[in-house]
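Working notes, structure below.
Sequential numbering from 1 along the given sequence is applied to the chain's residues. All values reported here derive from a predicted model rather than from experimental measurement.
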Amino acid sequence: MLISGYENEELVKQSNDVLSCDPAINDEILPQGNLVAVGKPDPQSLDYVVRTGLAGGLAGCTAKTLIAPLDRIKILFQTSNPHFAKYAGSWAGAIYATKAIYRQDGVWGLYQGHSATLLRIFPYAAIKFIAYEQYRHLLIPNKRLDQGWRRFMAGSLAGRFSPLVQDAR
């Protein structure tokens, strides 16, 4: 069996109980008698890009879901909603507003409009994370070049790239 999607594919034959490769390498080990690909995944493979996109999109949705109640309160204050004007202007007001929404609409009241936000965030976060991984691969082709400023540059470029793609639609 051949595993595709690996950079610098190197195949190793597995014999009986012994795998003929360095055990320090993080390999995908298959059942006895099969071939194993050794090395790191190829960032340009479709499988890698899809998995990266899903991971980025889900991470973005998770983060947005965690802060959704705070976002809802912020929007109510910013729009000068007359029901919440009395709470504006203090941290205690934000807590009172949260309690008022919870009493009136329950937990779901704090997440009102959140599904539309998730539909916007998923592709944005997915594109941003894919771009980060691709830029990181270009700027850091090996562990020797893994430096903080290179990761910072990859993140900066990805942060600039994803809004361009989103706005192009």
Side-chain angles (χ1 to χ4, degrees), residues 3-7 25-30 39-141 143 145-169:
I3 300 175
S4 62
Y6 279 83
E7 191 176 294
I25 297 174
N26 186 16
D27 299 333
E28 186 171 334
I29 300 175
L30 297 175
K40 60 183 180 177
D42 177 16
Q44 268 73 48
S45 72
L46 179 62
D47 180 57
Y48 187 84
V49 171
V50 168
R51 287 175 185 251
T52 302
L54 284 173
L58 291 174
C61 287
T62 301
K64 206 60 170 165
T65 299
L66 288 173
I67 64 158
L70 296 174
D71 239 5
R72 173 109 164 92
I73 301 299
K74 177 192 76 169
I75 290 167
L76 289 171
F77 286 165
Q78 286 176 338
T79 58
S80 301
N81 187 308
H83 300 307
F84 294 94
K86 59 185 171 194
Y87 302 122
S90 71
W91 286 104
I95 294 168
Y96 293 134
T98 303
K99 288 179 181 179
I101 291 172
Y102 181 76
R103 272 194 303 272
Q104 183 178 348
D105 300 321
V107 173
W108 296 115
L110 296 169
Y111 288 92
Q112 189 174 352
H114 186 58
S115 57
T117 301
L118 293 180
L119 289 174
R120 179 181 58 86
I121 287 297
F122 186 88
Y124 175 79
I127 291 167
K128 192 173 186 177
F129 196 59
I130 290 169
Y132 170 76
E133 284 293 314
Q134 296 302 311
Y135 282 126
R136 189 174 63 85
H137 177 69
L138 288 173
L139 295 172
I140 308 171
K143 285 193 182 262
L145 296 174
D146 190 4
Q147 298 163 338
W149 72 270
R150 290 179 187 264
R151 282 180 298 213
F152 179 79
M153 284 302 299
S156 298
L157 291 168
R160 185 65 200 122
F161 177 76
S162 54
L164 292 175
V165 173
Q166 286 268 277
D167 293 342
R169 294 188 288 140

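- The two residues G56 and A125 come nearest to each other via the heavy atoms O-CB, 3.2 Å.
- Remark: I127 CD1 to F122 CZ distance equals 10.0 Å, nearest 0.5 Å.
- The shortest heavy-atom contact between G53 and A126 is O-CB, 3.2 Å.
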Side-chain donor/acceptor pairs under 3.5 Å, residues 58-67, sequence neighbours excluded:
unit_1: T62; atom_1: OG1; unit_2: L58; atom_2: O; d: 2.8
unit_1: K64; atom_1: NZ; unit_2: D71; atom_2: OD2; d: 3.2
unit_1: T65; atom_1: OG1; unit_2: C61; atom_2: O; d: 2.7
unit_1: T65; atom_1: OG1; unit_2: H114; atom_2: NE2; d: 3.0

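- Among residues two or more places apart in sequence or in another chain, the side-chain hydrogen bond (donor to acceptor under 3.5 Å, both in side chains) test is passed with R150 by Q147.
- E133 meets the side-chain hydrogen bond (donor to acceptor under 3.5 Å, both in side chains) test with Y48, R136; sequence neighbours excluded.
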With a 3.5 Å cut-off and sequence neighbours excluded, list the donor-acceptor pairs that the side chains of residues 88-106 form with protein atoms.
unit_1: S90; atom_1: OG; unit_2: G93; atom_2: N; d: 2.9
unit_1: T98; atom_1: OG1; unit_2: A94; atom_2: O; d: 2.8

Please output the side-chain donor-acceptor pairs of residues 79-86 that fall under 3.5 Å, not counting sequence neighbours, one pair per line with the distance.
unit_1: T79; atom_1: OG1; unit_2: I75; atom_2: O; d: 2.9
unit_1: T79; atom_1: OG1; unit_2: L76; atom_2: O; d: 3.3
unit_1: N81; atom_1: OD1; unit_2: H83; atom_2: N; d: 2.9

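- For the salt bridge (charged side-chain N to carboxylate O under 4.0 Å, His left out) condition, the pairs that include at least one residue of residues 46-62, sequence neighbours left out, are D47-R51.
- Y124 has its side chain out of reach of R120: every pair of non-hydrogen atoms, C-beta onward, lies at least 4.5 Å apart.
- With sequence neighbours excluded, no residue satisfies salt bridge (Lys or Arg N to Asp or Glu O under 4.0 Å) with R72.
- The closest side-chain heavy-atom distance from F161 to Y132 is not below 4.5 Å.
- Closest approach of K128 and A158 over heavy atoms only: O-CB, 3.6 Å.
- Here the closest heavy-atom approach between residue P43 and residue P41 is recorded as CD-O, 3.2 Å.
- For L119, the side chain to side chain contact (heavy atoms under 4.5 Å, CB included) criterion is met by no residue, not counting sequence neighbours.
- Take R151 and apply the salt bridge (Lys or Arg N to Asp or Glu O under 4.0 Å) test, not counting sequence neighbours, and it matches D146.
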